[in-house]
Amino acid sequence: MGDTGIGAASPPVRQGAVAAGAVALAAMTAAQVASGLRPGSVLLVAVVVLLLAGCAVAFTAAVSSWGAAAVAFCVVACVGLVAEWVGTRTGFPFGGYRYTDVLWPQTGGVPVIVALAWAGMGLAAYAVAPGEGPVRIGTGAAALTAWDLFLDPQMLRLGAWAWVEAGAYRGVPLSNFAGWLLVSAVVMAVIHAVVGRNASGAVGLVGLYTVMAVMETVGFAAVFEPRDPLVAVVGGAAMGGFAVLAWKRRADRNGAGRG
């Protein structure tokens, strides 16, 4: 299938999917604001992830089809679940860690919303990734790993999981990010095979990635207590860089189309 992916949405399907994605994105943003004001609320974290998942599927359906979007999402969620199941038992590929009882429900000791988060942000990260073919898989893996620069410090604050040995980045070992790059590459390969070029640069998914980057940056910089300027700068620069470049590529393509 290469870069072409499966199918393409008809205009009515596209319009409905875009509308659904926009509603989910607005609701997710509101939930993120609420979770920032109440950072200890596990329920709000779950709501954000569920809305993230719905938003990602809808915006992917808008550029492919609901079937292709559902297949990509479900397979990636399974990849994330298996990676976390193996990781908690062997320490590979992330390093030694365990989940607490904070996030629920769980299957095999892994919170279900963790698998959903892998899939939702995986689709968004693929959309902002530059390049073609294997290059896009690599850059997409980096874009998804950039999100974990925010995610791990935030979830450690919440007490959602614990590392066997504290690491150099706000208690997170560097092996974690190597593991994220590896699993994220598998995630990108799946998305590439199922939806391919259709999802690359998709405006809704790029918007979703951008919103996540902005909200996390603002949260660590000005909302969460205690604030953490280091995480805000590092995570904001990493995710923000991918988002800015994705918007620039869209602007360049639109400009070339009008020329």
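We use all heavy atoms of the structure for the numbers below, so side chains are in, but hydrogens, waters and symmetry mates are not.
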Could you measure the distance from the [atom1] atom of [X] to the [atom2] atom of [Y]? Nearest 0.5 Å is fine.
| X | Y | atom1 | atom2 | answer |
| --- | --- | --- | --- | --- |
| M121 | S184 | CE | OG | 10.0 Å |
| C74 | L81 | SG | CG | 12.0 Å |
| L52 | L116 | CG | CG | 9.0 Å |

Minimum heavy-atom distance [X]-[Y], with the two atoms named:
| X | Y | result |
| --- | --- | --- |
| A129 | T139 | CB-OG1, 3.4 Å |
| A58 | A17 | O-CB, 3.3 Å |
| G54 | A24 | C-CB, 4.3 Å |
| A189 | I137 | CA-CD1, 3.9 Å |
| G236 | F150 | N-CZ, 3.1 Å |
| A56 | L205 | O-CD2, 3.7 Å |

Before you tell me yes or no, could you show the steps for R197 and E132 under side-chain contact (heavy atoms from CB on, under 4.5 Å), namely the whole-Å CA-CA distance, both residues' side-chain angles and the distance that decides it to 0.1 Å? CA-CA 9 Å; R197 183 175 295 166; E132 298 290 336; 3.7 Å; yes

Tell me whether [X] contacts the main-chain N or O of [Y] through its side chain, where contact means a donor paired with an acceptor under 3.5 Å.
| X | Y | value |
| --- | --- | --- |
| Y209 | A143 | yes |
| D148 | L151 | no |
| R136 | G131 | yes |
| T100 | G159 | yes |

Say whether [X] and [Y] are linked into one hydrophobic cluster, either directly or through other cluster members, by side-chain heavy-atom distances under 4.5 angstrom.
| X | Y | value |
| --- | --- | --- |
| V82 | V79 | yes |
| V102 | I113 | yes |
| M188 | V186 | yes |
| V75 | F73 | yes |
| L123 | W66 | yes |

Kindly indicate, with the supporting measurements, whether the criterion side-chain contact (heavy atoms from CB on, under 4.5 Å) is fulfilled by W85 and T90. CA-CA 9 Å; W85 187 89; T90 68; over 6 Å; no

Are [X] and [Y] close enough that some pair of their side-chain heavy atoms sits under 4.5 Å apart?
| X | Y | result |
| --- | --- | --- |
| E165 | P173 | no |
| W104 | P111 | no |
| V183 | P93 | yes |
| Q32 | M212 | yes |
| V190 | Y126 | no |
| L103 | V42 | yes |
| R157 | D228 | yes |
| Y169 | V234 | yes |

Sole candidate of R250, K248, R249 that passes side chain to side chain donor-acceptor pair (under 3.5 Å) when paired with D252: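 Of the listed options, the one satisfying the test is K248.
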
Report the C-alpha distance between M215 and V33 in whole Å, list the side-chain angles of each, state the deciding distance to 0.1 Å, and finish with yes or no for side-chain contact (heavy atoms from CB on, under 4.5 Å). CA-CA 8 Å; M215 297 299 290; V33 171; 3.6 Å; yes

What about the rings of W180 and W118, do their centers lie closer together than 6.0 Å?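 Yes: the rings meet the under 6.0 Å criterion.
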
Hey, would you say the F177 and F94 ring centroids sit under 6.0 Å apart?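 Ring-ring flag for F177/F94: false, centres at least 6.0 Å apart.
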
Just by distance, no angles: are the side chains of W161 and D152 close enough, under 3.5 Å, to form a donor-acceptor pair?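 Per modelled atom types, W161 and D152 side chains form a pair under 3.5 Å.
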
Going by atom types only, do E84 and Y97 share a side-chain donor-acceptor pair under 3.5 Å?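 Judged by distance alone, the side chains do pair up.
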
Audit row: M28, L208, side-chain contact (heavy atoms from CB on, under 4.5 Å) steps and yes/no: CA-CA 10 Å; M28 186 197 76; L208 171 58; 3.7 Å; yes

Do you know which of L230, L149, L156 makes side chain to side chain contact (heavy atoms under 4.5 Å, CB included) with R170?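 Answer after filtering L230, L149, L156: L230.
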
